[in-house]
Amino acid sequence: MRTEVSKVLREAILRAFSEFSEAELPGPEALEIPPDSNLGDFAFPCFRLSKALRMGPPMIAQKLAEAVDAPEVATAQSVGGYLNFFLNRKNFAGIVLQNIQETGDRYGGAPDCEKTVVLDYSSINIAKRFHIGHLSTTVLGHSLKRIYAHLGWQTVGINHLGDWGTQFGKMIAAFKHWGSWEMVEEGGVDALTALYVRFHQEAEENPALEDEGRAWFRRIEEGDEEALSIFDRFKELTLKDAKRVYDILGVSFDSYNGEAFYNDKMGRVIDELKARNLLVESKGALVVDLEAYKMPPCLIVKSDGATLYATRDLAAALWRKDNYHFDKSLYVVAYQQNLHFQQVFKVLELMGYDWAKEQMEHVAFGMVSYEGQAMSTRQGNIIYLDELLKRAQEQALSIIREKSPKLENPGEVAAQVGVGAVVFTTLLNNRIKDIDFWWDRALNFDGDTGPYVQYTHARCCSVLRRADAASAAPSLEALTNDEAQAVLRMLSRFPEAVRAAQRDNEPSEVTRVTLELAKAFNKYYYEHRILDEDPEATAARLALVRAVKQVIALGLYLIGVAAPEAM
RNA sequence: GCGCCUGUAGCUCAGCCGGAUAGAGCAUCGGCCUUCUAAGCCGAGGGUCAGGGGUUCGAAUCCCUUCAGGCGCGCCA
């Protein structure tokens with residue numbers, strides 16, 4: 001609609017003033033949405049033309065208002081230097097509803113754009129239980145994957161496993177001393193963590209353990225059969241635990257190639273760095289000096305000859321480029337690693353990979369604390385994700401028992417609502433914001449929450465179930481009231497929100513627009529009866545309800561939240 | 001010390017590629033269920049947009065600076 005109004009504006013300017021050439025005319029982005037819909041549907045601030053025309057903005061607006069002549073626009077008014085456009089309401093309703101009806105669940109999407117995006121997200125560490133600190137990367141990455149796919153991208157989701165490092169040698173040493181398969185199979189990831197904790201306790205008394213740990217890790221590096229078979233079991237256990245959570249969240253990956261996968265792929269990185277004279281020795285280690293870019297050096301090889309995190313990330317970037325031919329590569333990782341990624345991207349650039357500058361992006365997000373405290377396993381103030389999801393589902397179930405005792409599938413819906421509440425909240429705000437977790441907030445299902453939006457969807461479904469199958473020709477006159485128009489406006493803004501979400505790698509754009517749509521609909525629903533004795537008007541209102549239901553479901557899908565038909 | 005990020009209502013935040021009286025939700029108080037789902041709707045109170053300068057017709061938004069908080073800064077990942 002914006003582009004249509006923009007065209008009307010450009011025509012009006014040409015008609016009213018001879019000073020401008022086509023190229024100088026303002027584009028669609030010059031149109032604003034007024035703070036209050038009583039002022040109009042779109043506005044053009046005339047201040048910017050003032051200098052060129054040597055005329056006061058109100059006068060310009062007045063002249064333009066007189067020159068506007070198009071069926072899309074009902075009226076145009078000059079108010080305080082703004083030219084305010086009021087849309088032809090019936091026309092607007094028709095365009096929006098038809099567009100949604102025709103595109104269906106591809107609304108706001110785009111056809112195959114022949115581009116590929118690689119998303120590195122979730123990226124769990126072996127032997128660590130899934131907690132709320134892992135939630136942001138997991139749901140952000142998952143949502144971005146869906147948003148890009150919606151806009152026609154090929155997507156590759158990678159769980160870059162943290163499965164490399166001395167700590168795994170220590171874990172095997174601990175397992176050999178105090179562990180058993182029975183204990184580990186039964187206790188799962190918690191048992192592995194406990195072994196690791198015990199290792200550190202005992203190592204304080206007995207420093208020789210540290211050497212044992214290092215020796216075991218060396219055996220992993222060298223491909224020793226026993227070491228690898230133990231470690232692979234640890235991996236399996238961790239993945240089994242994580243997959244339970246992924247299943248609940250509906251999250252999946254195309255690859256689980258983690259750090260260990262790149263163990264034999266780092267030679268190339270070091271060779272290329274050497275060939276370009278980028279590697280310099282410093283305190284026994286090999287580094288890439290980045291002083292010219294005001295960054296500390298990037299460590300590539302330790303003084304003992306071992307590689308580092310950055311080395312593996314460089315290898316991974318090159319491998320992914322070779323194998324996926326990505327046009328964009330996103331790292332959904334907390335902002336603590338800001339410097340790390342800046343360094344890695346810069347090193348790639350220095351290696352001659354020009355694409356690094358444009359295509360690599362660190363999608364950083366804030367940290368999670370728990371009631372104002374940093375989470376720590378040792379102090380026991382850590383929220384495990386399965387506990388959170390379980391309590392959220394219990395909360396949902398108890399509300400269902402109270403409010404919808406006749407619901408056919410309460411367990412299933414409680415799961416959708418409980419999980420939806422958690423995911424929705426995580427994707428509501430700008431990702432860069434830190435999150436302080438509070439139980440009472442997490443379990444609140446009123447207001448700006450997932451359940452609120454899901455409830456609105458269920459309401460739509462409920463009305464549609466009660467509607468007669470017989471369809472009259474819709475009379476769009478029934479959708480010209482303020483509340484219906486507000487709903488239509490939100491529907492029409494959905495596509496731009498999806499594009500903004502992709503542009504900024506910010507799923508909250510989708511979360512917000514979906515929430516605003518739900519709000520607008522609930523207001524409409526309260527003010528206007530949908531099913532009544534006038535078949536044409538009812539048909540139009542039902543078309544609106546159908547569109548709202550569809551777009552809410554789509555919005556929720558794009559952020560990875562289920563849309564129950566009843567709740 | 002240097003770098004990055006954040007600072008908007010009691011709390012959590014939106015608005016930040018400049019525009020009209022700064023918006024939500026939670027919490028508090030008060031209304032609305034014999035009508036399509038009250039997990040809903042409506043109303044009230046609550047603000048030196050951290051402080052100070054600057055640019056501009058116009059600044060929460062851009063620039064400079066101070067303050068406060070978070071994160072990072074070589075052999076962990």
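Every value quoted in this text rests on a predicted model; they were computed, and no experiment measured them. Below, chains carry the letters A, B, ... as their sequence lines are ordered, and counting in each starts from 1.
Heavy atoms of A/Asp532 sit nowhere under 4.0 angstrom from any nucleic acid atom. No engagement by A/Val545 is indicated, since no non-hydrogen atom pair under 4.0 Å with the nucleic acid exists. Within 4.0 Å (heavy atoms only), A/Pro34 reaches at least one base atom of the nucleic acid. Within the nucleic acid shown, A/Leu531 comes within 4.0 Å of at least one base atom, counting heavy atoms only. Counting non-hydrogen atoms under 4.0 angstrom, A/Pro35 reaches a base of the nucleic acid. Heavy atoms of A/Met567 sit under 4.0 angstrom from at least one base atom. Contact annotation for A/Ala306: no contact, since no heavy-atom pair falls under 4.0 Å across all strands. Counting non-hydrogen atoms under 4.0 angstrom, A/Val417 reaches a base of the nucleic acid. The residue A/Phe445 sits close to a base: some heavy atom pair falls under 4.0 Å. Among the atoms of the strands shown, base atoms are found under 4.0 Å from some heavy atom of A/Ser282. Note on A/Trp164: only backbone sugar-phosphate atoms sit closer than 4.0 angstrom, heavy atoms only; bases stay farther off. Note on A/Arg48: a base of the nucleic acid sits closer than 4.0 angstrom, heavy atoms only. Within 4.0 Å of A/Glu565, counting heavy atoms only, lies at least one base atom of the nucleic acid. At the heavy-atom level, A/Ala467 lies nowhere under 4.0 Å from the strands shown.
To the nearest whole angstrom, the two P atoms, one in B/C11 and one in B/G7, are 14 Å apart. Distance noted for atom P between B/G31 and B/C71: 46 Å (whole Å). Between B/U56 and B/G70, the two C1' atoms lie 33 Å apart (nearest whole Å). Taking the P atom of each, B/C17 and B/U6 are spaced 12 Å apart, rounded to whole Å.
Evaluation of atom-type donor-acceptor distances gives a pair under 3.5 Å for the side chain of A/Asn84 against the base of B/A20. Taking 3.5 Å as the limit, the base of B/G40 and the side chain of A/Thr456 contain no donor-acceptor pair of atoms between them. One donor-acceptor pair, N or O on each side, does fall under 3.5 Å between the base of B/C75 and the side chain of A/Ser303.
Every residue meeting the side chain to side chain donor-acceptor pair (under 3.5 Å) condition with A/Asp434, not counting sequence neighbours, appears here in chain and number order: A/Tyr335. For the side chain to side chain donor-acceptor pair (under 3.5 Å) test, residues two or more places apart in sequence or in another chain that qualify with A/Lys235 are A/Asp163. For A/Thr238, the side chain to side chain donor-acceptor pair (under 3.5 Å) criterion is met by no residue, not counting sequence neighbours. Under the side chain to side chain donor-acceptor pair (under 3.5 Å) criterion, A/His160 pairs with A/Arg320, not counting sequence neighbours. Scored by the ring-ring contact (aromatic ring centres under 6.0 Å, His included) test, A/Phe231 finds A/Phe168 as partners (sequence neighbours excluded). Residues forming a ring-ring contact (aromatic ring centres under 6.0 Å, His included) with A/Tyr526 (at least two apart in sequence, or on another chain): none.
Considering only side-chain N and O atoms, A/Tyr455 lies under 4.0 angstrom from the phosphate OP1 or OP2 of B/A39. An OP1 or OP2 oxygen of B/G40 is reached within less than 4.0 angstrom by no side-chain nitrogen or oxygen of A/Arg459. Contact check, A/Arg466 against B/U37: a side-chain N or O comes under 4.0 Å of OP1 or OP2.
Among the nucleotides B/G74, B/C41, B/C36, the one closest to the side chain of A/Tyr525 is B/C36. For A/Val79, counting side-chain heavy atoms from C-beta on, the closest listed nucleotide (B/A39, B/A20, B/A77) is B/A20. Taking only side-chain atoms of A/Met367, from C-beta outward, the nucleotide of B/C73, B/C75, B/C71 with the closest atom is B/C71.
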Show which side-chain atoms of residues 422-430 of chain A pair as donor or acceptor with protein atoms under 3.5 Å away, not counting sequence neighbours.
{"from": "A/Thr425", "atom 1": "OG1", "to": "A/Ala421", "atom 2": "O", "distance (Å)": "2.9"}
{"from": "A/Thr426", "atom 1": "OG1", "to": "A/Val422", "atom 2": "O", "distance (Å)": "2.7"}
{"from": "A/Asn429", "atom 1": "OD1", "to": "A/Arg512", "atom 2": "NH2", "distance (Å)": "2.6"}

Quiz: residues 397-410 of chain A side-chain donor-acceptor pairs under 3.5 angstrom, not counting sequence neighbours:
{"from": "A/Ser398", "atom 1": "OG", "to": "A/Gln395", "atom 2": "O", "distance (Å)": "3.3"}
{"from": "A/Ser404", "atom 1": "OG", "to": "A/Met567", "atom 2": "O", "distance (Å)": "3.2"}
{"from": "A/Asn409", "atom 1": "ND2", "to": "A/Glu412", "atom 2": "OE1", "distance (Å)": "3.1"}

Let me check something: any side-chain donor-acceptor pairs from residues 527-538 of chain A under 3.5 Å, sequence neighbours excluded? List them with distances.
{"from": "A/His528", "atom 1": "NE2", "to": "A/Asn481", "atom 2": "OD1", "distance (Å)": "3.3"}
{"from": "A/His528", "atom 1": "NE2", "to": "A/Glu483", "atom 2": "OE1", "distance (Å)": "2.8"}
{"from": "A/Arg529", "atom 1": "NE", "to": "A/Leu531", "atom 2": "O", "distance (Å)": "2.8"}
{"from": "A/Asp532", "atom 1": "OD1", "to": "A/Asp534", "atom 2": "N", "distance (Å)": "3.0"}
{"from": "A/Asp532", "atom 1": "OD1", "to": "A/Thr538", "atom 2": "OG1", "distance (Å)": "3.0"}
{"from": "A/Asp532", "atom 1": "OD1", "to": "A/Arg541", "atom 2": "NH2", "distance (Å)": "2.8"}
{"from": "A/Asp532", "atom 1": "OD2", "to": "A/Arg541", "atom 2": "NH2", "distance (Å)": "2.9"}
{"from": "A/Asp534", "atom 1": "OD1", "to": "A/Glu536", "atom 2": "N", "distance (Å)": "3.1"}
{"from": "A/Asp534", "atom 1": "OD1", "to": "A/Ala537", "atom 2": "N", "distance (Å)": "3.2"}
{"from": "A/Thr538", "atom 1": "OG1", "to": "A/Asp532", "atom 2": "N", "distance (Å)": "3.3"}
{"from": "A/Thr538", "atom 1": "OG1", "to": "A/Asp532", "atom 2": "O", "distance (Å)": "3.2"}
{"from": "A/Thr538", "atom 1": "OG1", "to": "A/Asp534", "atom 2": "O", "distance (Å)": "2.8"}
{"from": "A/Thr538", "atom 1": "OG1", "to": "A/Arg541", "atom 2": "NH2", "distance (Å)": "3.4"}

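A/Phe437 approaches A/Tyr370 most closely through the heavy-atom pair O-CD1, 3.5 Å.
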Counting primed atoms plus P, OP1 and OP2 as sugar-phosphate and everything else as base, spell out the protein contacts along nucleotides 3-12 of chain B at 4.0 Å heavy-atom distance: B, S or - for each nucleotide, 5' to 3'.
-SSSS---SS

Using a 4.0 Å cut-off on protein heavy atoms (strictly under), produce a 5'-to-3' string for nucleotides 30-35 of chain B with B for base contact, S for backbone-only sugar-phosphate contact, and - for none.
--S--B

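The nearest whole Å value for the distance from the NE2 atom in A/His362 to the C1' atom in B/G72 is 12 Å. Look at CZ on A/Arg493: it is 14 Å from C1' on B/A14, rounded to the nearest Å. Taking atom OH on A/Tyr262 and atom P on B/A77, their separation rounds to 16 Å, with Å as the unit.
The stretch residues 502-523 of chain A touches RNA chain B through A/Arg503, A/Arg512, A/Lys519, A/Asn522, A/Lys523, each having a heavy atom within less than 4.0 Å of the strand.
A 3.5 Å limit on both hydrogen-bonding distances identifies B/G31 as the Watson-Crick or G-U partner of B/C41. Base pairing of B/C2: its partner is B/G72, meeting the Watson-Crick or G-U wobble criterion (both donor-acceptor distances under 3.5 Å). Pair assignment for B/U55 gives none, since no Watson-Crick or G-U wobble pairing has each distance under 3.5 Å.
Considering A/Phe261, A/Tyr309, A/Phe217 in turn, A/Phe217 is the only one that fulfils the ring pair (Phe, Tyr, Trp, His ring centres under 6.0 Å) rule with A/Trp164.
The backbone N or O of A/Leu308 lies less than 3.5 Å from a partner atom in the side chain of A/Thr311, making a donor-acceptor pair.
Taking the six-membered ring where the residue is Trp, A/Phe341 and A/His362 present tilted rings, their angle falling between 30° and 60°.
Counting heavy atoms from C-beta on, the side chains of A/Ser122 and A/Phe130 come closer than 4.5 Å.
For the atom pair A/Tyr196 OH and A/Gln167 CD, the distance stands at 5.0 Å (nearest 0.5 Å).
The glycosidic torsion of B/C33 lies within 90° of 0, placing the base in the syn range.
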